[in-house]
K.L.:
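The structure's right below; bear with me while I get my questions together.
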Amino acid sequence: MAANWKMYKNAQETSAFFEQFTPLMSDGIHCEVVIFPASISIPGAVQAAEESAIRIGGQNIFWAREGAYTGEISGEMLRAAGATWVLVGHSERREYFHETDSGVLKKTQAAIEAHLTPIVCMGERLEDHKNGRAEEVLIRQFAGGIAGLTEEQFADIAIAYEPVWAIGTGQTATPEIAAKAHRCIRSETEKRFGREAAEQVRILYGGSVKPDNIVGLMHEQEIDGALVGGASLDPQTFIKIVNAA
Ligand code: PGA
């Protein structure tokens, strides 16, 4: 269960979240929980989560190890700050920062090299959803991006299916729609990386996940977890989602 905080919560608000959330997690942990705060709050989050099973990740990474790239953060820097996961290719990054499938591949490779687990995001826009072209988009994003990994590299990633029309809109994909998209991603995985890789790769669903729709989504065998935005900002709400896993 992953919490994508996007550009919400400063360092103080991050500490306040952990103060409330960490005790709620103490009842034994049945799934992996990863929180992706703003990069400036990663060290504080790592410290706050130290005694818990919660892991911390970055929301973005740059592909070079170091260099003259003003404003960017490398995988090595994230790792040194205590992060162990990273989001790659979120639709907001694709839309506002012009990230492409080939850039997503480079960032995924950089993450693996820095020993971070990347969650590679993909998903179709509203227009493609309406026109029945969701699978076409997923196949294209897969082919232009993570299909370029080696089999060994692919074993180290997780994938998030995030239909753009469901993100922050309150209009979640039905479990059936999500499962169908996940099957498509798994089938592309099987063609490129083999059956075992397709069975083992974890595919999370993201897009308006809430306590009242998580149970239905997690009932689908195809759905291995969730990437949660808005509903992860409140400790009481996010713990309900975690507990439904
Ligand atoms: P949302 O965001 O849960 O607020 O729809 C999900 C995401 O963008 O990862």
Side-chain angles (χ1 to χ4, degrees), residues 1-6 29-37 42 49 53-61 63 75 78-79 83-94 99 101 103-123 138 141-163 166-167 173 178-179 181-190 192-207 209 214 217-218 220-229 232 238 241-242 244-245:
M1 288 294 169
N4 174 14
W5 283 0
K6 313 191 179 190
I29 177 75
H30 54 278
C31 69
E32 279 176 271
V33 175
V34 191
I35 294 179
F36 296 87
I42 288 174
I54 306 162
R55 297 287 170 264
I56 305 300
Q59 296 176 10
N60 184 30
I61 176 176
W63 53 70
L78 287 170
R79 188 72 216 193
T84 46
W85 290 69
V86 67
L87 297 179
V88 178
H90 189 278
S91 64
E92 287 149 19
R93 303 267 350 145
R94 293 177 189 255
E99 293 200 3
D101 293 329
V104 167
L105 173 61
K106 282 179 13 183
K107 288 183 172 203
T108 305
Q109 288 165 329
I112 296 166
E113 206 153 294
H115 304 288
L116 296 163
T117 305
I119 299 182
V120 182
C121 306
M122 56 177 73
L138 292 175
Q141 288 177 342
F142 191 96
I146 50 183
L149 296 172
T150 64
E151 282 173 36
E152 249 187 350
Q153 288 171 331
F154 187 84
D156 290 336
I157 75 164
I159 295 173
Y161 167 60
E162 294 211 312
I167 296 177
H182 286 213
R183 271 195 295 276
C184 167
I185 296 169
R186 248 182 248 284
S187 135
E188 291 310 291
T189 302
E190 183 168 348
R192 168 66 186 87
F193 298 105
R195 177 175 286 255
E196 206 183 311
E199 278 167 5
Q200 282 178 3
V201 67
R202 286 178 292 176
I203 308 179
L204 282 62
Y205 166 77
V209 171
I214 184 65
L217 288 162
M218 292 308 293
E220 288 289 342
Q221 185 142 21
E222 274 294 335
I223 301 177
D224 302 314
L227 179 54
V228 188
S232 72
F238 187 51
I241 295 173
V242 168

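Computed from a prediction, not measured in an experiment: that's the story for all the values here.
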K.L.:
Would a 4.5 Å heavy-atom cut-off, applied to side chains only, mark Pro37 and Ile56 as touching?
P.N.:
yes

K.L.:
Specify the closest pair of heavy atoms between Ile146 and Leu105, including all atoms of both residues, with the distance to one decimal.
P.N.:
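Answer, listing the atom of Ile146 first, then Leu105: CA-CD1, 4.4 Å.
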
K.L.:
Side chain to side chain contact (heavy atoms under 4.5 Å, CB included) between Ile112 and Leu149: does it pass, once the steps are laid out?
P.N.:
CA-CA 10 Å; Ile112 296 166; Leu149 296 172; 4.3 Å; yes

K.L.:
Step by step, work out the side chain to side chain contact (heavy atoms under 4.5 Å, CB included) result for Tyr161 and Ile223.
P.N.:
CA-CA 9 Å; Tyr161 167 60; Ile223 301 177; over 6 Å; no

K.L.:
Evaluate the salt bridge (charged side-chain N to carboxylate O under 4.0 Å, His left out) criterion for residues Arg93 and Glu99: first the C-alpha distance (whole Å), next the side-chain angles of each, then the deciding distance (0.1 Å), finally the verdict.
P.N.:
CA-CA 6 Å; Arg93 303 267 350 145; Glu99 293 200 3; 2.9 Å; yes

K.L.:
Go through Val242 and His30 one step at a time and tell me if the side chain to side chain contact (heavy atoms under 4.5 Å, CB included) criterion holds.
P.N.:
CA-CA 9 Å; Val242 168; His30 54 278; 4.3 Å; yes

K.L.:
Mind checking what makes salt bridge (charged side-chain N to carboxylate O under 4.0 Å, His left out) contact with Lys6, not counting sequence neighbours?
P.N.:
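If we apply the salt bridge (charged side-chain N to carboxylate O under 4.0 Å, His left out) test to Lys6, skipping adjacent residues, the hits are Glu92.
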
K.L.:
Determine the sole option in Ile61, Leu227, Val120 for which the side chain to side chain contact (heavy atoms under 4.5 Å, CB included) test with Leu87 is passed.
P.N.:
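Of the listed options, the one satisfying the test is Leu227.
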
K.L.:
Hey, are the side chains of Ile214 and Val228 touching, using non-hydrogen atoms and a 4.5 Å cut-off?
P.N.:
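In short, these two side chains do not touch, never coming nearer than 4.5 Å.
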
K.L.:
Looking only at heavy atoms, what is the nearest atom pair of Ser91 and Ile167, with distance?
P.N.:
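For Ser91 versus Ile167, the nearest heavy atoms are OG-CD1, 3.2 Å.
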
K.L.:
Over all heavy atoms of both residues, which pair between Leu116 and Arg79 is shortest? Give the atoms and the distance, please.
P.N.:
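Heavy atoms of Leu116 and Arg79 come nearest at CD2-CD, 4.1 Å.
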
K.L.:
Judged by modelled atom types alone, do His90 and Gln59 share a side-chain donor-acceptor pair under 3.5 Å?
P.N.:
no

K.L.:
Should we say atom CD of Glu190 is surrounded by more than 12 heavy atoms from elsewhere, each under 6.0 Å from it?
P.N.:
yes

K.L.:
The criterion is salt bridge (charged side-chain N to carboxylate O under 4.0 Å, His left out); which residues satisfy it with Arg202, sequence neighbours excluded?
P.N.:
Glu32

K.L.:
Just wondering, do Glu188 and Leu138 contact through their side chains at under 4.5 Å, heavy atoms?
P.N.:
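Contact flag for Leu138/Glu188 side chains = no.
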
K.L.:
Given Val201 and Phe193, is the side chain to side chain contact (heavy atoms under 4.5 Å, CB included) satisfied, shown in steps?
P.N.:
CA-CA 10 Å; Val201 67; Phe193 298 105; over 6 Å; no

K.L.:
Go through the structure and list residues passing salt bridge (charged side-chain N to carboxylate O under 4.0 Å, His left out) with Glu220, not counting sequence neighbours.
P.N.:
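By the salt bridge (charged side-chain N to carboxylate O under 4.0 Å, His left out) rule, Glu220 matches no residue at all.
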
